[in-house]
Asks: 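Have a look at this one before I ask anything.
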Amino acid sequence: MKRLLSIFSLRNLYYYAILSTIMLHMVCLANSRLHPIILVPGSGGNQLEARLTSEYKASSLICKTYPGPLHKDKDGWYRIWFDPSVLLVPYTKCFAERMTLYYDPVTDDYYNAPGVQTRVPHFGSTHSLLYLDPTLKLISGYMAPLVESLEEIGYIDSKTLFGAPYDFRYGLAPEGHSCHIGSKYLQQLKDLIENASVVNGGKPVIIISHSLGGLYVHQLLLRTTTSWRMKFIKHFIALSTPWGGTVQEMLTFASGYTLGVPLVKPLLVREEQRSSESNLWLMPSPTLFGHVKPLVITPNANYTAKDIPRFLTDIGFSEGVHPYKTRVLPMVEKLTAPEVPVTCIIGSGIHTPETLFYDAKGFDKQPSIIWGDGDGTVNLLSLLAVQSQWINQPLRIINVKGLSHTSVLSDQRSLYQVLKLVSDINTDNLELNTSFLEEIS
Ligand SMILES: *[C@@H]1O[C@H](CO)[C@@H](O)[C@H](O)[C@H]1NC(C)=O
Ligand SMILES: *[C@@H]1O[C@H](CO)[C@@H](O)[C@H](O)[C@H]1NC(C)=O
Ligand SMILES: *[C@@H]1O[C@H](CO)[C@@H](O)[C@H](O)[C@H]1NC(C)=O
């Protein structure tokens, strides 16, 4: 009996030893098995903080006292994006004037409004892109469902999973132009990629971008060497990227656009939206949309994507012509292949502005719209633009029918595709094909 017991416990010990070795192995595997992921949000896809200095000149008494001291930290910082009070008319105005950028033709760069400082909280972590307003999780969720799904398969914030939020009002410019905010962000993003790889045993990273974030990542990749990309980039997953801009951007510039929020008057935010460097970047590309099809039709003139300088002048925003011609056009004229494996996940089958009709009342009135195919925001033509361009490199496009521009971040069908892709990459089961289009309904 005694002997039996000791054999039994010895066996237990033996099993225990094996089990703990396996478990230890699994923990190590869990850490070393995963390629680190960097998340790059879209326009408006992360929190932004502001602080007003003595230089700030409020346009009204309300703006002078908004937001109250309870909404600011001890150094005067408050969350300017997103806060639901901006939906109320008097505050919308304060918000818009503080978010407005200025292009200075002398220094050839964009700047904040005088007296307004801004900063992006939590760079490196996913913290500021889960919810736009962390006190209103229910209505302001952004990348939370995607991050939670990645955490379920073992990713850990700031260890294997990183966020690269940025000041989405700013854009990038071709080399040779001054671009102090955008260039600094590209450098930070590059450093984050290198750091993420280093702390994960030298594994190259997977980048997952949404919308405008994809254009930033694309530009970063074009500005790195082949050996850097081989060393640090495993895969680029681009969700809903507007590769060639959108017709909707012309609507935004002409008449203001409120993301479907009925409380906000479009003209209240139009000036701020026109001032945004990244919005100008999203104008429909002439290479893609061409010089034949009018995108905007008015009683006096029609505008194709080649006529954007004339369009900007006619809508009353001639300040935009110079930066558009010298900074935006050279960047969007050619869609150069990034030479890393790319998977695009896009939505389609949703009414998306294709042609805008203005009557004699002019651009201050919202236009009638002819709808075309796309994800509700980005035209299908733009979502698919890389297909005919990146033919000599691994490229896969997954087109999910009925998926909108932002539901790509929460819909079970797209999340499944992202998780499957990430798992296949991590287990080395991904077949890399050139130009492969898959449609899912
Ligand atoms: C990268 O790591 C270095 C050294 O630890 C650190 O100083 C730097 O802030 C990190 N940069 C980013 C963008 O994570
Ligand atoms: C604008 O385009 C419409 C439709 O293509 C055409 O009927 C109209 O004549 C054009 N107007 C001008 C001013 O070119
Ligand atoms: C790659 O292409 C082959 C045929 O050319 C196809 O059978 C396979 O399913 C494709 N793989 C992927 C992941 O798309």
Side-chain angles (χ1 to χ4, degrees), residues 31 34-41 46-49 119-129 147 155-168 170 172 179-209 213 216-217 219-221 223-224 228-229 231-234 247 250-251 254-255 284 286 289-315 353-363 365 367-372 379 381:
N31 286 332
L34 299 176
H35 287 274
I37 291 181
I38 313 274
L39 299 175
V40 184
N46 56 255
Q47 297 161 29
L48 203 60
E49 294 177 346
R119 69 177 185 191
V120 178
H122 311 299
F123 184 85
S125 135
T126 59
H127 214 75
S128 79
L129 29 101
V147 167
Y155 278 92
I156 299 169
D157 185 29
S158 300
K159 292 206 159 57
T160 44
L161 181 60
F162 303 86
Y166 56 101
D167 190 334
F168 44 81
Y170 287 88
L172 289 172
C179 180
H180 73 294
I181 300 285
S183 310
K184 186 167 156 235
Y185 173 66
L186 277 200
Q187 187 59 49
Q188 269 188 311
L189 178 56
K190 193 172 178 217
D191 291 345
L192 182 65
I193 291 169
E194 291 175 9
N195 284 7
S197 173
V198 167
V199 298
N200 283 282
K203 286 207 167 241
V205 312
I206 300 169
I207 302 177
I208 305 181
S209 68
Y216 269 96
V217 173
Q219 284 295 320
L220 172 65
L221 295 174
R223 296 170 196 207
T224 55
W228 188 90
R229 292 191 295 271
K231 181 155 190 244
F232 291 112
I233 308 297
K234 181 70 177 173
V247 172
M250 295 181 88
L251 168 58
S255 317
F289 286 85
H291 60 278
V292 177
K293 186 175 155 43
L295 304 177
V296 174
I297 294 180
T298 78
N300 306 320
N302 291 346
Y303 306 89
T304 71
K306 281 252 189 327
D307 305 319
I308 289 188
R310 181 163 57 86
F311 170 75
L312 290 171
T313 305
D314 291 356
I315 61 171
E354 189 160 300
T355 317
L356 313 175
F357 286 91
Y358 285 92
D359 60 23
K361 293 199 186 87
F363 293 115
K365 215 177 135 261
S368 326
I369 295 173
I370 289 194
W371 306 98
N379 308 87
L381 185 67

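One-based numbering, in listed order, for ligands and for the atoms of each. Because the structure is predicted, anything quoted here is derived from the model rather than measured.
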Asks: Tell me which one of Leu192, Asn195, Val198 gets a heavy atom nearest to atom 11 (N) of ligand 1.
Replies: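 The residue whose heavy atom sits nearest atom 11 (N) of ligand 1 is Asn195.
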Asks: So Phe168 and Tyr166, would you call those rings parallel, tilted or perpendicular, with 30° and 60° as cut-offs?
Replies: perpendicular
Asks: Check ligand 1 against Asp191 and write out every atom of the ligand that is under 4.0 Å from a heavy-atom position of the residue.
Replies: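 Selected atoms, number and element: 13 (C).
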Asks: Just wondering, do Asn46 and His122 contact through their side chains at under 4.5 Å, heavy atoms?
Replies: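 Not touching, per the 4.5 Å side-chain cut-off.
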Asks: Just jot down the ligand 1 atoms closer than 4.0 angstrom to any heavy atom of Gln188, in number order.
Replies: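 Listed by number with element: 13 (C).
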Asks: Please indicate, with yes or no, if any protein heavy atom is found under 4.0 Å from atom 14 (O) of ligand 2?
Replies: yes
Asks: In terms of the angle between their ring planes, are Tyr358 and Phe363 parallel, tilted or perpendicular, with boundaries placed at 30° and 60°?
Replies: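 Rings of Tyr358 and Phe363: perpendicular, as their planes differ by over 60°.
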Asks: I need the minimum non-hydrogen distance between Pro165 and Val120, along with the two atoms involved.
Replies: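 Taking Pro165 first and Val120 second, the nearest heavy atoms are CB-CG1, 3.5 Å.
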Asks: Applying a strict 4.0 Å limit to heavy atoms, is Thr298 in contact with ligand 2?
Replies: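 Judged by the 4.0 Å heavy-atom criterion, Thr298 does not count as contacting ligand 2.
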Asks: Are Pro36 and Phe162 side-chain neighbours, meaning at least one heavy-atom pair lies under 4.5 Å?
Replies: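 A side-chain contact exists here, since the closest heavy-atom pair is under 4.5 Å.
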Asks: Which residue supplies the protein heavy atom nearest to atom 5 (O) of ligand 2, what is that atom called, and how far is it?
Replies: Pro294 CG, 4.0 Å
Asks: Provide, to 0.1 Å, the distance between atom 4 (C) of ligand 2 and the closest protein heavy atom, together with that atom's residue and name.
Replies: Ile297 CD1, 3.9 Å
Asks: Distance below 4.0 Å between atom 7 (O) of ligand 1 and any protein heavy atom?
Replies: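 Given the 4.0 Å cut-off, atom 7 (O) of ligand 1 does not count as touching protein heavy atoms.
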Asks: With rounding to the nearest 0.5 Å, note down the distance linking CG in Leu39 to CG in Asp157.
Replies: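 Spacing of CG (Leu39) from CG (Asp157) equals 9.0 Å.
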Asks: Tell me: protein heavy atom nearest atom 10 (C) of ligand 2, and distance?
Replies: Asn302 ND2, 2.4 Å
Asks: Here's a test for you: under side-chain contact (heavy atoms from CB on, under 4.5 Å), which of Ile37, Asn200, Val199 qualifies with Thr160?
Replies: Asn200
